[in-house]
Amino acid sequence: MKTSRCLYNSSFRSFLDSDPRSILGGLGINYHGDILTTTNEAWAGEIAVMQKVLIPWKNEPGRIIFEYDIPRLGKRIDVVLLLRGIIFCLEFKVGQKDALQADVEQVLDYALDLKNFHLLSQDRTIVPVLVPTNYKNTSTDFLASVYDDSIYNPLIAGAAGLQKLISDILVHASATTPDETLGAEWIISPYSPTPTIIEAARTLYENHSVEDITRHEADKVSTDTTIAYILDVIKESKEKGQKSICFVTGVPGAGKTLVGLDVAVKQSYQDGDIIVEDDGAVYLSGNGPLVAVLTEALAIDNHKKCRARGEKKNLSDSRREVGKFIQIIHRYRDNMLAKIKNPVENGVLEIDSEKAMKMAKSGYGEVEHVAIFDEAQRSWTHKRLADYLRRGGTYGNKLKVPNFPYSEAAFLIWSLDQREDWATIICLVGGGQEINTGEAGISEWIAALNDRFPHWKVYISNKLTEQEYAEGKVNELLKNNKNVTYSDSLHLGVSLRSFRAEKLSAFVHSLLSFNPDAADIYGEIKNRYPIVLTRDMSKAREWLRKQVRGTQRTGVLVTKTAARFKPLAVDILEQGDENAVHWFLEDKNDIRSSNYLEDAATEIQVQGLELDYTCVLWDADMRCIGDEWKYFNFNGRTAWREETGNSDSSIERRKYMLNAYRVLLTRARMGMVICVPTGNGNKTVGGFPEDATRLPEFYNGTYEYLRSLGLEEL
């Protein structure tokens, strides 16, 4: 069977009759990426072990699967065996002689993820086995796990004892005869959360105030109105059997993330405590740090509360429950990509029935009727996505899809359109916040609806007509679409309590646009929201430390194109979601915390998240010269180069650099300091600049402009 869900799968007989080198080569070919020597050696070791272990069952209808991707969870199991109706999850540690607790927990997590999210595993016995190949002992106690769900407690065996362990388990489970009920279709099983995991996720979410990790100022009246409107659209879509899409706008901090998470939960529980079957929703974001921080914050909080009540619960269980509602958009997208005919012919996407199971209600679509896409403006252009898929991407199995015909927005609409009954998409839109090359903005969604999905009902905020959304051309783009409804309810208004958020957004917009009202707007907010200016990072740090109280958080922010921050004793926070989690969530005693003011986060790592007080370190990448911004990229060695030209790519890059500062300047809840360095005006003995990459003139114009707006100087 053709599939991209794993790197290799076959019957036991075929596997045992194959040359190990052929199997290894197949793994490498299907991986589509650069294979480390250690990875290749591990695969070779696993093949060698399994070709000995499976000999007793050669003539049975079992299957062996290498590197199996659990749908949408971003986790990959080393080896899966489907034997006599039992699912064996094997986690190999080739060359290792000890069984480590972390490895045992890892293989148990795989089993639990299959049980909770993999449709064809939910009613099966699952046996997680850790295989440190040089381990000398073999588990002999066979017990059900504490979860009471047909999962065995994790077992451990070395290479020498693995065959006997499998044999003993089959006897213990009374699986004494061949069983063909688990076959190749198991590999393409849909993602499908169990009612148990949905209930746990709902309970977890309702016992935690997400405002604590998103925004303190969201106006409940406004968010409730927006949520109610969206739920009404969903209800009408269901009743009339139609497809619909809602675009929700709001200034930074107005509560878009809160709205998205609330809709995801309330859609699954429209009648209180009763799960509404097959009406689920999922919150998706392409922002890895945002998903990681939200997930970890909710999970940690839930874990602490459970322990305080005397309940035994692992942190990984809490993370799994959060994962029901909050997921990375790339995994949703890649799960749908795995279902299409490849290569794509004549620019038409089609489902390959050999790669996907058709369900009674969802058809070939995903299980959810409702998908909430946060930061929808960051979806990729057609060129960006097509180039990515032609190379083989960077996620999962690195699936290659040449000649991909859709933008990311169009493909996500197509994915929901595969449902044969009804579907609703909610796009949460931040204006002027496209910050990466290839991010399409909202115009790509509208183009997809106009060109490919004219049968979809479109509900949009009347604020989408403003300049920051599709360059103010939304009305023009939609003028011939007969399915459009405008509504004030889809814009998150801001109450007096969150007056600061709306005015700060207006101030930042005017500052970046050189609007003459910038100083006046700042005059309206400065008594409630201080913005101070300095040229000295030590003064900036001192100011931040004096502002915070209790558990309030501070942090330093820079753009990803900033380059000359090391002389100011600032490092860039390393990429990786785990680093972002530590930066945002660790307390003041942990040097990985943002509060240490040593590692600076970029717009990529902080978009969608906030701190109480921030320092925006303004480098020479964007300079005020006269009455306009000039943009520069550092060559990594000796000099800055101005970003000029009228090509689409050059114009796009300048827009992203401007938007990066828009994001950074709207991350603080309570106040910020902007540090524009003095640069280095010293000369060598020969009269040359001591540091030609940090000349004072690179910074002075920006500092003078900001000072002219009335910002207090430290």
Side-chain angles (χ1 to χ4, degrees), residues 3-5 32-33 69-76 117 188 190-192 243 245 260 264 280-288 290-292 323-344 349-352 355-356 362-419 423-428 436 438-442 444-445 447-449 452-453 577:
T3 178
S4 56
R5 188 72 66 74
H32 294 311
D69 276 331
I70 305 174
R72 281 173 48 178
L73 298 188
K75 298 180 181 180
R76 182 181 289 168
F117 297 109
I188 59 172
Y191 167 90
S192 181
K243 309 288 175 60
I245 185 167
V282 63
Y283 169 95
L284 300 165
S285 174
N287 184 339
L290 173 65
V291 170
K324 161 61 185 75
F325 287 120
I326 305 175
Q327 296 180 9
I328 288 287
I329 198 169
H330 308 308
R331 293 171 187 157
Y332 181 97
R333 180 193 68 199
D334 290 354
N335 205 48
M336 286 301 300
L337 282 169
K339 302 176 185 181
I340 67 172
K341 291 182 179 178
N342 190 10
V344 177
L349 290 182
E350 295 182 84
I351 294 290
D352 187 335
K355 297 180 181 178
S362 57
Y364 287 116
E366 291 297 276
V367 65
E368 299 92 357
H369 278 94
V370 180
I372 299 112
F373 296 122
D374 201 359
E375 298 182 40
Q377 75 281 354
R378 295 188 64 185
S379 67
W380 289 355
T381 62
H382 170 231
K383 183 179 186 306
R384 172 81 183 273
L385 184 56
D387 288 348
Y388 168 91
L389 292 174
R390 185 176 62 253
R391 295 191 306 268
T394 56
Y395 296 94
N397 285 339
K398 303 188 178 183
L399 177 67
K400 287 186 177 181
V401 185
N403 303 318
F404 193 75
Y406 283 11
S407 67
E408 186 169 38
F411 181 65
L412 292 171
I413 299 172
W414 179 87
S415 298
L416 271 294
D417 202 48
Q418 297 312 297
R419 291 200 63 104
T424 300
I425 293 173
I426 295 101
C427 291
L428 309 176
N436 254 330
E439 290 179 357
I442 207 64
E444 195 70 63
W445 288 89
L449 290 163
R452 299 181 184 271
F453 306 99
D577 295 346

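Heavy atoms only: backbone and side chains are in, while hydrogens, waters and symmetry mates are out.
Counting only distance, with no hydrogens or angles, the side chain of Arg419 and the backbone of Val367 share a donor-acceptor pair below 3.5 Å.
Salt bridge status for Asp387 with Lys383: present, with a side-chain N to carboxylate O gap under 4.0 Å. Ion pairing between a basic and an acidic side chain is recognised when a charged N comes within 4.0 Å of a carboxylate O; Glu368 and Arg72 show such pairing. A salt bridge is absent between Arg5 and Asp69: the closest approach of a Lys/Arg side-chain nitrogen to an acidic carboxylate oxygen does not fall below 4.0 angstrom. The pair Lys339-Asp352 does not count as a salt bridge, with every side-chain nitrogen at least 4.0 angstrom from each carboxylate oxygen.
Between Trp445 and Ser379, the closest side-chain pair of non-hydrogen atoms falls below 4.5 Å. Tyr332 is listed as a side-chain neighbour of Glu366, based on a closest heavy-atom distance under 4.5 Å.
Between Tyr388 and Phe404, the ring center distance fails the sub-6.0 Å criterion.
By the 6.0 Å contact criterion, NZ on Lys75 is enclosed, its count of non-hydrogen atoms from other residues, nucleotides or ligands being greater than 12.
Among all heavy-atom pairs drawn from Leu284 and Ala371, the shortest one is CD1-CB, 4.3 Å. The two residues Trp380 and Ser407 come nearest to each other via the heavy atoms O-CB, 3.7 Å. Annotation for Arg378 and Asn287: closest pair NH1-ND2, 3.9 Å, computed over non-hydrogen atoms.
Residues passing the salt bridge (Lys or Arg N to Asp or Glu O under 4.0 Å) test with Glu408, sequence neighbours excluded: Arg333.
Exactly one of Leu385, Ile340, Leu349 qualifies for a side chain to side chain contact (heavy atoms under 4.5 Å, CB included) with Val401. That residue is Ile340.
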